[in-house]
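Some notes on the structure that comes next.
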Amino acid sequence: MARHLKIAAAQLGPLHKADSRAAAVKRLLNLLREAHSMGAKFVVFPELAFTTFFPRWWMEDQAEVDHRYFEATMPSAETRPLFDEAKRLGIGFYIGYAELTPQGQRFNTAILVGPDGSIVGKYRKVHLPGHADHKPKAAFQHLEKKYFEVGDLGFRVWRYLGAITGMLICNDRRWPEAFRVLALQGAEIVALGFNTPSENLHYPEPPALRVHHHLIMAQSMAFQNATWLIETAKAGYEDGFRMFGHSVIVAPTGEIAAKSQTEERGNLPQLRHRPRGESEEHHVQFRRAPASRALPADRRADRGGSDARERLMELELASLPHKERYKLLIGLVIPRPIGWVSTWNENGVANCAPFSFFNCISEDPPLCILSFNNRTDGAMKHSLKNIHRTGEYVVNLVDESTANAMHISSYEIPETESEFAKTGLTPVPGVRVKHPRIGEAAAAFECKIERSIKFGPERELVIGEILHLHAREGIVDPVTKRVSEEHYRPIGRLFGNRYCTTRQRFELPGTLPHGQDS
Ligand code: CDT
């Protein structure tokens with residue numbers, strides 16, 4: 001009989017040296033709650049999830065190291081809220097931490113916590129990477145061999161949430177025998193938290209290759225051992241050192257069921273310049289068979305006040321080439337509404353083209369703005385030329401049913417050709433203006449120029465007074481004038497050839513909706 005268990009990989013953004021345990025727990029709590037609200041019953045947190053990845057520093061005062069980074073009890077007063085909340089929500093979790101035993105031994109440890117808040121299983125990391133000696137010339141250390149003993153609990157599995165579940169930690173994922181020993185005990189799920197720096201301490205490994213190895217290992221280990229594998233990362237610049245993220249859930253078929261969106265596109269060097277304010281905390285989840293669907297959106301967790309320490313990107317716009325300014329502005333100011341302008345040219349050819357430097361700015365008088373730049377050959381856009389000639393135009397609003405036609409109408413074609421003809425749209429004569437509206441559009445504003453302002457050699461802002469409004473039947477209630485959320489499904493502009501719909505509307509204050517658009 002099929003069993004279903006919804007699991008979340010709760011990828012954590014950087015935890016800095018200066019971050020308190022309480023701040024870390026607060027972020028873990030946010031992720032736990034979010035996972036629960038998405039229906040997860042099991043949440044996998046990263047390795048050493050309560051602190052920064054401290055083995056990157058050579059520290060001599062062991063008492064201080066113990067105090068700052070090790071857990072002498074689990075849970076402690078500071079970590080207990082996570083256990084209490086998991087119990088309240090009835091959700092289990094895996095979490096990694098630095099363990100200091102009553103006998104004074106130190107391990108890199110992970111535990112499985114049941115939905116009743118009790119510790120069900122413990123694993124102590126066996127494959128400790130790095131070195132024990134100080135390497136003062138290295139950019140950073142990897143001192144797991146100094147701070148931890150080799151785990152003494154072996155590789156075990158537990159009956160947990162209806163599945164046979166094993167635990168591993170980070171570097172274990174690179175060693176086939178770790179998985180094999182779990183598989184021979186019948187493991188159906190392997191949970192693994194990790195902290196992998198983007199830089200390989202030992203040799204200049206290309207970042208893309210590093211990620212490639214991470215993924216082929218995960219896929220082959222899951223496939224060869226017929227287990228689900230949940231690998232959860234710490235990601236982002238932690239105290240200035242990049243952790244490469246790439247949390248992943250792999251099915252027993254070896255297919256990637258879900259993957260975090262961190263450092264995608266094999267473009268790692270560029271992403272090193274990503275502003276640190278961008279949280280990399282988010283969930284990856286699966287329900288059953290692997291699917292090629294997109295991931296849930298990046299879940300931004302409360303940064304616990306640590307943003308001030310984030311590495312910011314500072315840009316003086318005046319010093320940037322105009323193309324880069326454009327890329328930044330249209331990438332950041334999203335989504336933007338689309339004004340789909342329709343006009344006749346002087347020879348009676350119907351033209352339409354979308355512009356996303358568009359908005360409405362006043363209801364009394366009713367005004368909308370559009371900003372035009374030139375065509376790629378430097379000539380004035382046909383729409384603007386027709387607006388100048390007549391002082392009038394129509395702005396149509398784009399919905400899902402007209403999205404493709406709108407996009408196709410953005411291609412530059414000669415003035416003698418019509419975007420209406422090209423896309424099969426219908427020019428319908430205006431009521432108050434000389435120009436056609438797009439018959440298929442969800443709504444249209446007939447406008448006359450109120451004023452226009454030129455900015456620089458390339459930009460002209462046209463402010464238009466809206467004289468007349470058309471709306472497709474069902475979009476506007478004729479009595480209340482309310483716009484129907486059900487029937488009006490507008491398209492927003494992002495950047496490049498990216499657009500968006502407006503699913504998952506919600507109210508604030510309140511909880512934000514989860515998951516992808518549906
Ligand atoms: N935490 C951990 O095990 N990280 C190692 C880095 C090894 S580089 C010395 C990893 O295998 O990802």
Side-chain angles (χ1 to χ4, degrees), residues 9 11-15 17 44-59 65 69-70 94-99 106-111 123-151 155 167-179 190-221 229-248 250 259-260 262-263 268 280:
Q11 178 166 295
L12 196 56
L15 283 173
K17 255 181 169 175
V44 179
F45 290 114
E47 173 190 29
L48 299 177
F50 294 109
T51 65
T52 189
F53 187 75
F54 65 89
R56 69 167 68 88
W57 288 288
W58 177 263
M59 294 175 281
V65 173
Y69 301 116
F70 279 79
Y94 159 113
I95 197 158
Y97 64 97
E99 181 192 11
R106 296 175 186 82
F107 298 101
N108 187 343
T109 295
I111 46 172
Y123 166 67
R124 290 171 174 156
K125 186 174 179 180
V126 169
H127 298 99
L128 297 174
H131 47 102
D133 57 321
H134 190 199
K135 297 192 182 302
K137 287 198 183 129
F140 59 94
Q141 316 286 307
H142 199 108
L143 291 161
E144 287 194 57
K145 287 186 166 76
K146 165 178 161 65
Y147 292 117
F148 303 119
E149 292 183 46
V150 172
F155 299 106
M167 286 187 279
L168 295 174
I169 301 177
C170 195
N171 193 264
D172 289 323
R173 75 193 193 282
R174 304 182 190 274
W175 304 88
E177 76 275 15
F179 285 90
V190 175
L192 180 152
F194 68 101
N195 274 287
T196 299
S198 295
E199 307 267 341
N200 188 330
L201 173 69
H202 301 293
Y203 79 103
E205 184 180 20
L209 190 59
R210 200 152 167 76
V211 171
H212 169 72
H213 289 153
H214 160 67
L215 294 176
I216 56 167
M217 282 186 308
Q219 291 182 260
S220 58
M221 297 298 182
L229 171 58
I230 300 93
E231 295 194 345
T232 306
K234 191 109 73 61
Y237 279 97
E238 195 172 74
D239 280 316
F241 299 92
R242 181 88 191 163
M243 318 294 287
F244 75 44
H246 280 88
S247 299
V248 68
V250 185
K259 180 151 68 81
S260 77
T262 307
E263 290 193 338
L268 304 185
E280 300 191 57

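What you are looking at is a predicted structure, and each value in this text was computed from that prediction instead of being measured. Side-chain atoms are counted along with the backbone in the values below, which use heavy atoms only and exclude waters and symmetry mates. When a ligand or atom number is given, it counts from 1 through the structure's own listing order.
Geometrically, R242 engages Y237 in a cation-pi contact defined by less than 6.0 Å to the ring centre and at most 45° from the axis.
Between the side chain of E47 and the main chain of N195, a donor-acceptor pair closer than 3.5 Å is present. Between the T232 side chain and the V44 main chain, a donor and an acceptor come within less than 3.5 Å of each other. Side-chain N or O atoms of Y147 include none that pairs as donor or acceptor with a backbone N or O of R106 at under 3.5 Å. K125 places no side-chain N or O within 3.5 Å of a backbone atom of D172 that could act as its donor or acceptor partner. A donor-acceptor distance shorter than 3.5 angstrom exists from the side chain of R210 to the backbone of P197, with no hydrogens or angles considered. A distance-only check finds a donor-acceptor pair linking the side chain of Q11 to the backbone of S247 [under 3.5 Å].
Considering backbone and side-chain N/O of H202, none are found under 3.5 Å from N/O of ligand 1. Between E47 and ligand 1, at least one N/O pair is under 3.5 Å apart. At under 3.5 Å, a nitrogen or oxygen of N171, whether backbone or side chain, sits near a nitrogen or oxygen of ligand 1.
Within the 4.0 Å heavy-atom shell around ligand 1 one does not find H131. Put simply, no part of H214 is less than 4.0 Å from ligand 1, judged by heavy atoms. Under the 4.0 angstrom criterion for non-hydrogen atoms, L201 is not in contact with ligand 1.
Heavy atoms of F53 found under 4.0 angstrom from ligand 1 belong exclusively to the side chain. When non-hydrogen atoms are compared, ligand 1 lies under 4.0 Å from the side chain of E144 (C-beta onward) but not from its backbone.
Every atom of ligand 1 with a heavy atom of R174 under 4.0 Å away is listed here by number and element: 10 (C), 11 (O), 12 (O). Taking every heavy atom of C170 and a limit of under 4.0 angstrom, the matching atoms of ligand 1 come to 1 (N), 2 (C), 3 (O), 4 (N), 5 (C), 10 (C), 12 (O). Residue contact check: P129 has heavy atoms under 4.0 Å from atoms 2 (C), 3 (O), 5 (C), 7 (C) of ligand 1. Atom numbering of ligand 1 starts at 1 in the shown order; those under 4.0 Å from a heavy atom of K125 are 1 (N), 2 (C), 3 (O). Contact atoms of ligand 1 toward N195: 1 (N), 2 (C), 4 (N) (distance under 4.0 Å to a heavy atom of the residue).
In this structure, atom 12 (O) of ligand 1 lies nearest to the protein heavy atom T196 OG1, 2.6 Å. Looking only at protein heavy atoms, the nearest one to atom 6 (C) of ligand 1 is H142 CE1, 3.5 Å.
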Practice item. Go through H142 and K135 one step at a time and tell me if the side chain to side chain contact (heavy atoms under 4.5 Å, CB included) criterion holds. Key: CA-CA 9 Å; H142 199 108; K135 297 192 182 302; over 6 Å; no

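For an aromatic pair to be called close, the ring centres must be under 6.0 Å apart, and F70 with F54 satisfies this.
Counted by atom type alone, R173 and H214 present one or more donor-acceptor pairs between their side chains at under 3.5 Å.
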